Amino acid sequence: MKPSSPAKPSSRPALSAPQKALHKLGLTRAIDLALHLPLRYEDETRITRLADAREGETVQIEGEVVNCEVAFRPRRQLLVTLQDGTDTCALRFFNFYPSQQKALAVGARIRARGELRGGLMGWSMMHPQTRPAGGDLPKALTPIYPSVAGLPQPYLRKAVLGGLANADLSETVPPQLSASLKLKPLWTLRQALEFLHHPKPDVAMVQFEDHSHPAWQRLKAEELLAQQLSQLQSRRERDRLRAPSLNNLTGSGLQDRLLKVLPFELTRAQGRVSDEIAHDLAVPKPMHRLLQGDVGAGKTVVAALAAARCIDAGWQCALMAPTEILAEQHFRKLVAWLEPLGVRVAWLTGSQKKKERAAMLEMIASGEAGLVVGTHAVIQEQVQFQKLALAIIDEQHRFGVAQRLALRGKTLDDELEPHLLMMTATPIPRTLAMSYYADLDVSTLDELPPGRSPIVTKLVAEHRRAEVIERIRSQLALGRQVYWVCPLIEESEALDLRNATQTHAELTAALNDGQALNAQNPGISAMGQAQRAQPSPAATDVMVGLLHSRMPAADKKAVMSLFVQGQMGVLVSTTVIEVGVDVPNATLMVIEHAERFGLSQLHQLRGRVGRGSAASACVLLYATGEGPRLSESARERLKAMAQTHDGFEIARRDLDIRGPGEFLGARQSGAAMLRFADLGVDADLLAWARATAPLMLDKYPEAAARHVERWLGGRTDFLKA
Ligand code: ADP
Ligand code: MG
């Protein structure tokens with residue numbers, strides 16, 4: 001059923017925008033709409049007399065307009081006085097249309113809904129919702145649904161109503177199994193959904209808000225069951241698949257030879273994790289392992305050792321990284337380690353020249369390349385491996401799940417799947433990993449290589465910028481390098497963020513004592529500057545580079561290599577440097593508008609310094625003055641950053657601040673997320689789902705399939721990756 005568009009003047013074709021928005025929310029099937037539950041409700045079922053109202057309450061009042069004027073006190077506003085027979089209330093509108101003014105003319109009888117404020121001047125409401133008085137009051141609460149821009153609530157409400165009417169809501173969980181759910185009363189899915197979309201006003205609101213109502217419990221149990229079933233299914237499917245067994249090594253001892261040429265000894269944790277991986281690789285079943293280790297823990301060498309084992313057994317290995325900068329860094333490191341040992345390493349990226357690319361594809365297809373390193377380019381269709389046995393994905397959370405799946409489908413041999421090693425520096429607390437990734441084995445690097453000096457983290461208010469610049473000067477004087485990270489590349493009026501381009505110009509001017517290389521043209525690219533600076537770099541010139549995601553790949557590469565080689569003192573950058581970049585001489589990281597970053601992102605960024613043995617610092621600049629105050633959670637994030645450097649502790653706090661749903665959501669783009677259940681709260685329901693899933697899969701396979709299809713639709717593949 002196509003819900004009709006609400007009457008709203010628009011120059012665009014009336015139906016397409018909200019429907020696109022529905023798709024964006026993943027609401028394509030009737031059942032998806034039926035399972036799209038309200039965020040909260042508004043009570044429009046009653047009218048409150050002003051004489052009975054209390055300050056701060058959100059109420060609906062009804063009465064006659066006795067005054068309507070455009071006032072200037074101090075801002076232009078529409079000021080309407082409503083008289084309900086018991087008292088009057090001022091309604092204020094700062095943005096208003098002529099049509100609104102007309103509907104609120106003196107003499108009109110209207111309903112207004114909003115938060116009541118008291119005060120010397122009597123009752124008032126800011127921007128209340130208004131409508132003509134009269135008509136029946138609704139009998140149920142009015143649902144407010146999670147939505148996106150371009151999808152108005154009335155449209156969404158109608159669509160959901162249609163979904164409820166058309167979806168198959170029959171029970172999937174057999175009564176024998178739902179009986180063990182200790183819910184009283186045990187609601188059916190249909191009862192639960194009909195209730196949650198249109199609850200009677202006599203239910204305590206708190207039961208909706210904390211999702212403790214039996215109807216909520218029922219839905220959460222169903223959702224968790226779907227998630228457990230799907231993971232169990234994919235684990236069982238994977239157990240039936242075969243992968244090359246990588247234990248008949250050629251005897252060239254590639255792994256051992258690599259260990260000998262490394263400029264360091266493995267840490268105990270690296271040794272242990274390498275053993276875990278080697279063990280998996282020797283088994284003819286596809287490995288599905290997540291390697292988690294804090295930034296700087298040394299995951300790359302673990303990956304190199306796994307690759308060496310794979311190549312030594314006569315197979316190919318692919319390593320994929322989310323950005324070109326990071327992929328290239330891996331490439332350089334792995335070439336330096338492995339080519340002297342006789343391994344050919346191929347390089348694949350989107351920005352590559354045609355000829356070079358063709359040569360690489362040939363090397364990969366013929367099997368000449370033992371290792372292939374690259375970006376997303378590695379999973380493009382034209383890339384054919386001769387015999388891929390191991391796929392390694394760095395910073396796995398940055399990849400869409402579909403992309404991870406594509407890598408798995410790269411073997412020529414349909415019988416064999418490659419082993420999969422995923423790496424991440426944003427760890428998932430163990431308890432969460434166990435219950436959430438029923439389908440994944442986890443290895444953890446819980447130790448940093450020796451000799452790292454701790455990073456001192458300072459919170460600094462924005463107005464003390466000048467001191468920060470002084471600090472940069474002193475680091476530069478010591479021959480050190482500095483990162484300066486900005487959250488956005490373009491000025492956004494709404495957010496009023498300083499942008500990277502502007503900061504680049506400012507720093508260039510400040511650090512070159514006013515004789516800025518490019519003061520006239522703040523938009524000049526770092527390359528222009530670099531080219532000018534290179535021929536005769538005056539001793540006092542400080543090269544300040546700019547790196548952001550919209551630059552052409554070649555420019556990014558050039559800027560990055562100037563920084564890596566130490567010619568560039570300061571790198572102003574958006575978060576493109578977030579992952580993996582390894583420049584041990586960089587000792588100071590300044591993060592602008594730190595309050596706008598997520599905790600794990602801040603931790604990732606901070607991990608760019610403190611990679612050598614010199615003392616390093618991270619300055620978190622936060623906004624003060626006009627504009628919104630720091631939110632409670634922003635304050636907690638900054639505090640956590642100042643208090644701890646341990647990635648696992650950071651992850652734990654992140655989990656506390658955000659709750660598991662959002663925590664995992666941010667890490668698993670595209671994955672089927674838990675929408676309703678909360679792993680932190682719903683331990684009992686999760687226990688039920690874990691115990692019930694295998695029973696249901698064995699005894700009621702058809703019901704299980706229906707259940708997974710209902711909840712996860714076409715998205716189950718996501719859970720397998
Ligand atoms: P991450 O886990 O963040 O990917 P990297 O693999 O980039 O970390 O390693 C960070 C740095 O530590 C690199 O310069 C790497 O060569 C170095 N490194 C790795 N393992 C060791 C070790 N066992 N001893 C000393 N340095 C090491
Ligand atoms: Mg890394």
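Model, not experiment: these values are computed from the prediction. Read the numbers this way: they start at 1 and go in the same order the structure lists the ligands and their atoms.
Taking CD from Q316 and NZ from K387, the interatomic distance works out to 7.0 Å, rounded to the nearest 0.5 Å.
Close approach of ligand 1 to T267 is summarised as follows: ligand atoms under 4.0 Å from at least one heavy atom of the residue are 23 (N). Those atoms of ligand 1 that come under 4.0 Å of a heavy atom in V295, given as number and element, are 3 (O). Close contacts of ligand 1 with T300, meaning ligand atoms under 4.0 Å from a residue heavy atom, involve 4 (O), 5 (P), 6 (O), 7 (O). Less than 4.0 angstrom separates some heavy atom of P449 from each of these atoms of ligand 1: 20 (N), 21 (C), 22 (C), 24 (N), 25 (C), 26 (N), 27 (C).
Taking the six-membered ring where the residue is Trp, W337 and F264 present perpendicular rings, their angle passing 60° and hence far from 30°.
Judged by distance alone, the side chain of E339 and the main-chain N or O of V345 form a donor-acceptor pair under 3.5 Å.
Looking at ligand 1, you'll find an N or O of E265 within less than 3.5 Å of one of its N or O atoms. The N/O atoms of G296, backbone and side chain alike, include one that comes under 3.5 Å of an N/O atom in ligand 1. Between G298 and ligand 1, an N or O atom pair is found at a separation short of 3.5 Å.
Ion pairing between a basic and an acidic side chain is recognised when a charged N comes within 4.0 Å of a carboxylate O; E362 and R357 show no such pairing. No salt bridge links K353 with E356; every basic N to acidic carboxylate O contact stays at or beyond 4.0 Å.
Under 3.5 Å, the side chains of Q292 and T424 contain no donor-acceptor pair of N or O atoms. No hydrogens or angles considered: nothing links the side chains of T375 and E324 as a donor-acceptor pair under 3.5 Å.
Taking 4.0 Å as the cut-off, A297 counts as a neighbour of ligand 1 on heavy-atom distance. Ligand 1 lies less than 4.0 angstrom from a heavy atom belonging to K333.
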